[in-house]
Structures are given as C-alpha cells and as structure tokens.
Amino acid sequence: VFNQMITDIRAIDVPGGETSDEMFFPVDFTAQGINFWVPPDQPNMDYGGERSGRLHWAYDIGTLGNENVSCHAVRSGVVQSVNADGLGTVVIKHSSDSYYTQYMHLVLGAFTVNVGDNVTAGQKIGVVGGTGGYEIHLHFAVSINGTFATEVDTINPRDYLKITGNNVTGLPNPKG
C-alpha cells in the first residue's frame, strides 16, 4: 500500500504526467565504434580523471569516429536546456529519480528535443558529435542539483550507467 501511495504521488508531481523507472544506456553500445572504458585504460575519459589540468566530472563514451551514433535519454524527464553553452549540450531533469543528466558534444542542429519537452527513457535527443574541437564522443554527466562543475554537485556516471567493464553495462540499449 505504501509503495502504491509513493507511485501515485510521484505521478501527480511530475509535469506532463506519467513517470517511469525505465532506464537505458544513452547510445546503442553494439553500434560500430562504441567504446567505454574502465580505468586505468583511459583515466582522462573517466569521472574524476584529469584533462588539460582540470578534473573531469563526467564519463566519456567514444565512437572511434563514427558520426552516425544517436544519443538517447537515459531516463524520462523534462528537458531543462538545449545547447545553452554552445557545446551541443542537452540537460534533462528526471521524473523517476532526483537526478539531472547532461549529454554534451552533440551535433549542433541535430537536436530532436526543445526546452520544456517531456522525454521518455530511450527517446532520441540528438546525435553524438565533437563540438568544441573534441573527437567525436558523448560526455555524460549526472548531477544532484542541475550543476555539473564539481564532485559536490555530481555523482559517478559510470556507476549510474552500471558499467562493469570495457563495453559492459547492466542497462539495456535504447529502444530506437
């Protein structure tokens, strides 16, 4: 009874209606070139690794140059920003947990969502790119408060994505 009450309350509180506990990996990890690492293989790609003299509060998923990798919402939620930083970034506030997710380096002009849109888990939000002069990859971050700058504001995305090894995750591929 208590769990049903929590579910009912959650459905009322979410703008746009329903919630879902569904969760998907942000890219099709079986697509050509997709690679994600567990340290020490690529420490600068990992959460807390050092890159260009500063710490990296995200987790990077590479494509080995594949330019046709769709990026998908990990969980359902509401789009908070689209390319507000000029680096091809989408931020989503989840409806089924208290986190925000950031998807960076998406191809400019290839976004499939707008600010205020309700998205479902697994929904395409854009295409992985290399904005900012970087190699093509997805920079994925998880925040407790919508800020993505420090370890105080973020959690380890590798754990959130249930990554246990090189190209091994406990999450399913996005639906489409």
Side-chain angles (χ1 to χ4, degrees), residues 1-31 34 36 47 57-61 63 67-132 136-149 152-163 169-176:
V1 172
F2 179 75
N3 287 339
Q4 183 60 47
M5 287 172 47
I6 295 297
T7 301
D8 292 344
I9 290 168
R10 194 188 287 160
I12 292 168
D13 289 341
V14 175
E18 298 179 27
T19 63
S20 169
D21 285 335
E22 281 189 302
M23 189 170 174
F24 296 94
F25 203 72
V27 298
D28 175 353
F29 52 79
T30 63
I34 296 300
F36 42 102
Y47 178 79
W57 302 114
Y59 184 76
D60 290 345
I61 300 166
T63 70
E67 297 176 341
N68 299 309
V69 176
S70 294
C71 181
H72 301 262
V74 170
R75 286 193 181 261
S76 297
V78 178
V79 177
Q80 303 295 297
S81 65
V82 176
N83 200 36
D85 59 4
L87 288 174
T89 303
V90 172
V91 174
I92 298 172
K93 166 67 174 109
H94 298 175
S95 55
S96 60
D97 65 23
S98 61
Y99 297 112
Y100 296 75
T101 44
Q102 178 188 60
Y103 310 78
M104 186 183 286
H105 302 305
L106 303 182
V107 174
L108 301 178
F111 302 107
T112 59
V113 296
N114 295 297
V115 173
D117 286 355
N118 288 302
V119 296
T120 58
Q123 178 179 332
K124 182 178 176 180
I125 60 172
V127 176
V128 177
T131 55
I136 299 170
H137 74 284
L138 175 63
H139 170 101
F140 179 81
V142 182
S143 171
I144 61 172
N145 58 16
T147 301
F148 296 90
V152 174
D153 301 310
T154 58
I155 65 168
N156 190 328
R158 187 168 26 94
D159 296 339
Y160 191 77
L161 294 174
K162 302 179 182 179
I163 295 171
T169 177
L171 294 179
N173 264 322
K175 292 179 181 176

Problem set entry | Under the ring pair (Phe, Tyr, Trp, His ring centres under 6.0 Å) test, residues paired with Phe25 that sit two or more places apart | Phe29, Phe36

State whether the side chain of [X] and the backbone N or O of [Y] hold a donor-acceptor pair below 3.5 Å, judged by distance alone.
{"X": "Thr120", "Y": "Ser76", "result": "no"}
{"X": "Thr112", "Y": "Lys124", "result": "yes"}
{"X": "Ser96", "Y": "Asp21", "result": "no"}
{"X": "Asp117", "Y": "Val119", "result": "no"}

For a 4.5 angstrom cut-off between non-hydrogen side-chain atoms, does [X] reach [Y]?
{"X": "Asp28", "Y": "Ile34", "answer": "no"}
{"X": "Lys93", "Y": "Val91", "answer": "no"}
{"X": "Val142", "Y": "Thr154", "answer": "no"}
{"X": "Ile61", "Y": "Leu161", "answer": "yes"}
{"X": "Tyr160", "Y": "Val74", "answer": "yes"}
{"X": "Gln102", "Y": "Trp57", "answer": "no"}

Heavy-atom closest pair, residues [X] and [Y]:
{"X": "Ile136", "Y": "Glu67", "result": "CD1-CG, 3.4 Å"}
{"X": "Val113", "Y": "Val82", "result": "O-CG2, 3.8 Å"}
{"X": "Ile144", "Y": "Val152", "result": "CD1-O, 3.4 Å"}
{"X": "Ala149", "Y": "Asp153", "result": "N-OD2, 4.2 Å"}
{"X": "Gly88", "Y": "Asn83", "result": "N-OD1, 2.8 Å"}
{"X": "Tyr103", "Y": "Pro26", "result": "CE2-CB, 4.2 Å"}

Pairwise distance [atom1]([X]) to [atom2]([Y]) - rounded to 0.5 angstrom:
{"X": "His137", "Y": "Asp60", "atom1": "NE2", "atom2": "CG", "answer": "3.5 Å"}
{"X": "Thr131", "Y": "Met104", "atom1": "OG1", "atom2": "CE", "answer": "7.5 Å"}
{"X": "Leu171", "Y": "Met23", "atom1": "CG", "atom2": "CE", "answer": "5.0 Å"}
{"X": "His139", "Y": "Leu106", "atom1": "NE2", "atom2": "CG", "answer": "11.0 Å"}
{"X": "Phe24", "Y": "Thr169", "atom1": "CZ", "atom2": "OG1", "answer": "12.0 Å"}
{"X": "Ile125", "Y": "Cys71", "atom1": "CD1", "atom2": "SG", "answer": "4.0 Å"}

Problem set entry | Of Leu138, Val107, Val127, Thr63, the residue whose pairing with Val69 passes side chain to side chain contact (heavy atoms under 4.5 Å, CB included) | Thr63

For this session: Verify whether one side chain among Tyr99 and Thr101 offers a donor that lies under 3.5 Å from an acceptor in the other.
Result: no

